[in-house]
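Heads up, the thing below is written out as structure tokens.
Please read these numbers as outputs of a predicted model, since none were measured by experiment. Below, chains carry the letters A, B, ... as their sequence lines are ordered, and counting in each starts from 1.
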Amino acid sequence: MPRIEPRTLKGFRDYTPEMMIPRERLIDTARRVYRSYGFSPIDTPALEYLEILQGKGGEETDKQLYKFADHGGRMVGMRFDLTVPFARFAAQHAGELGLPFKRYHIATVWRGENTQRGRYREFMQCDFDAIGTRSIAADIETALVIHDLLRAIGFEQFTIRLNNRKVLTGLLERLELADRATAVLRALDKLGKIGPEKTAEEMIAVAGVSVDQARQIVRLSELAGTNEEILRQIEPLVAGSAKGEEGVAQLRQLLDAVAAAGVSNERIKLDVSIARGLDYYTGTIYETFLDALPAIGSVCSGGRYDNLAELFTSQELPGVGASLGLDRLLAAMEELGMIEKISTPAEVFIPFFEAGRLHDYLRIAAALRAEGIGVEIYPDAKKLGPQLKYADRRGFRLALIAGGDEFAQSKIQVKNLQNAAKKDVPLEENFTGLIAAVKGILQS
RNA sequence: GUGGCUGUAGCUCAGUUGGUUAGAGUGCCAGAUUGUGGAUCUGGAUGUCGCCGGUUCAAGUCCGGUCAGCCACCCCA
């Protein structure tokens, strides 16, 4: 019989226990941080009416959208981020939710683009957004959440790059280039990568700006110094544009507040060249890079979008938030050696040592599980050596060994698999001594 | 989507100008050690050489296509 080759689609992946255990841990961490700020969980369908998703993020995102006709002939799309579905959700449920509304949403999204390290066609995002407020306080909180989140995950060396679309819009207004904003911003986004000269060339060639205009825009790259120093240099560049001035003022408020909240300014950097390709951002923009691996791209990005929901409702629903790229971050952590090779979620291993003692092992396991401790009993009664090897490979913390000798003396050996330390504990009716010994090792 | 590189044992890779039964390290299994893993030694198993086709007396090796991975562009989490 001809076999079907087992395989997965390009950019789509299987997750083994070794990958899923750290993945789930990361999800738990994100959930904990979001909840600590009062964000509530929601979920939305993977599939939406195509009209909901299309035309929201720009040309490029439309190309990447997975779309098809469903069995009823409806044109549908698979969500490609969590922000657009949230705008729809908020417009649909604003009445019952009450405003402002803060939610987090951890779910899979799909993008039909070319793959690379840390770039997949199916990946998980962990979004948090506040909708229904224009207050800068929400922008400030967004930066603080990103900061707390990265630290909770275990990063100390990272940089949150901040910008405000209004600054760029203001500059372009002054230069009378507002109509070519998209092309100019796209070129500007490459500044850090290809340098000011090539960026200027691209602006002249693609966006059709004058040499003088290009020079003025590219001057942004010469801005240097502390965040405050950079702000002072931007001020004259946007002077006269109400929007530009507002953007500078908002950035200043944001940076001051974040500093007041105790965030090191090593981790928050003003970067006027980040524009972000998503068209719906209108104000603050966030991108987060790992200092040890900037090449993998931003692991947590977002911004303020004051007009997104207006496509779905006449009600004002300005929003701000960001998204942690879970799978990209995991790829980075893997590369940085931050992922422990553990493939068991249980800590305690009981070898099936004496063929006739299964009932005893089951009773011991049940007592520990009642205390919230994960326990696995090996399924086959066989030699101890291979069983311990099995436990070792999978990363169990300790083994509880009981054979004929132990049962004869009503005791059990508690073995710490990390340092090979062994100690005997009496086997009592209620296992209190054993539970205490196990907890003692697990907490160390 | 475009271009470049790569694809040989579970993993990392070698494989001579195409030439007989395709190798190493590591991991795996068994034993040395009739009740104790991560060390050592001995033995053992495992390959549609990514897949399809072409050239050739002969293809892991050359050519074309395809799939997948990586890199760059584009964009982005």
Rounded to whole angstrom units, what separation is found between the [atom1] atom of [X] and the [atom2] atom of [N]?
X	N	atom1	atom2	result
A:Leu149	B:rA77	CG	C1'	13 Å
A:Asp327	B:rG69	CG	P	14 Å
A:Asn114	B:rA68	CG	C1'	12 Å
A:Glu60	B:rG1	CD	P	12 Å
A:Asp14	B:rG69	CG	P	12 Å
A:Phe289	B:rC76	CZ	P	11 Å
A:Tyr280	B:rC76	OH	C1'	11 Å
A:Tyr286	B:rA77	OH	C1'	17 Å

Using the [atom1] atom in both, what is the distance from [N] to [M], to the nearest Å?
N	M	atom1	answer
B:rU16	B:rG1	P	34 Å
B:rG69	B:rG25	C1'	23 Å
B:rA39	B:rA32	C1'	14 Å
B:rC71	B:rG15	C1'	26 Å
B:rG7	B:rC52	C1'	15 Å
B:rA30	B:rU36	P	15 Å
B:rU8	B:rA72	P	22 Å
B:rC49	B:rA24	C1'	16 Å

Looking at [Y] and [X], is there a salt bridge between them, counting it only when a charged N and a carboxylate O are closer than 4.0 Å?
X	Y	answer
A:Arg103	A:Asp127	yes
A:Arg31	A:Asp28	yes
A:Arg23	A:Asp327	yes

Pairs satisfying ring pair (Phe, Tyr, Trp, His ring centres under 6.0 Å), at least one member in residues 13-34 of chain A, at least two apart: A:Tyr34-A:Tyr104, A:Tyr34-A:Phe128
Taking any heavy-atom pair under 4.0 Å as a contact, classify [X]: base, sugar-phosphate, or nothing.
X	value
A:Gln116	base
A:Cys300	sugar-phosphate
A:Gly112	nothing

I want to check something: taking the side chain as every heavy atom from C-beta on, are A:Asp81 and A:Gln125 in contact at a cut-off of under 4.5 Å? yes
So, using ring-ring contact (aromatic ring centres under 6.0 Å, His included) as the criterion, who are the partners of A:His147 when residues are at least two apart? A:Phe158
Mind checking what makes ring-ring contact (aromatic ring centres under 6.0 Å, His included) contact with A:Phe349, not counting sequence neighbours? A:Tyr390, A:Phe396
State whether A:Thr61 places a side-chain N or O below 4.0 Å from either non-bridging phosphate oxygen (OP1 or OP2) of B:rC75. no
Under 4.0 Å: is that the gap between some side-chain N or O of A:Arg117 and OP1 or OP2 of B:rC71? yes
How would you list, by chain and number, every residue that makes a salt bridge (Lys or Arg N to Asp or Glu O under 4.0 Å) with [X], sequence neighbours excluded?
X	answer
A:Arg328	none
A:Glu310	none
A:Glu429	none

Tell me which residues in residues 18-47 of chain A lie within less than 4.0 Å of RNA chain B, going by non-hydrogen atoms. none
Taking distance alone, no hydrogens or angles, what donor-acceptor pairs closer than 3.5 Å link side-chain atoms of residues 436-444 of chain A to residues at least two apart or in another chain?
residue  : atom : partner  : partner atom : Å
A:Lys439 : NZ   : A:Glu371 : OE1          : 2.8
A:Ser444 : OG   : A:Ile441 : O            : 2.7

Any donor-acceptor pair, under 3.5 Å, between the side chain of [X] and the base of [N], if you only look at N and O atoms?
X	N	value
A:Arg111	B:rC75	no
A:Glu113	B:rA77	yes
A:Arg119	B:rA77	no

Which comes earlier along RNA chain B counting from the 5' end, the contact point of A:Thr115 or that of A:Ile296, where each point is its nearest nucleotide? A:Thr115
Between A:Thr133 (side chain) and A:Pro100 (backbone), is there a donor-acceptor pair under 3.5 Å? no
Does the protein touch nucleotides 28-37 of chain B at the base, only the backbone, or not at all? Give it as B, S and - per nucleotide, heavy atoms under 4.0 Å. SS-S---BBB
With sequence neighbours left out, the residues meeting side-chain contact (heavy atoms from CB on, under 4.5 Å) with A:Phe12 are A:Leu9, A:Tyr66, A:Trp110, A:Arg121, A:Glu122
Among residues two or more places apart or on two chains, list those pairs meeting side chain to side chain donor-acceptor pair (under 3.5 Å) that have a residue in residues 392-406 of chain A. A:Arg397-A:Gln418
Please convert RNA chain B into dot-bracket. A pair counts if it is Watson-Crick or G-U wobble with both distances under 3.5 Å; crossing pairs go in [ ] and bases paired with another strand get |. (((((((..((((.....[...)))).(((((.......))))).....(((((..]....))))))))))))....
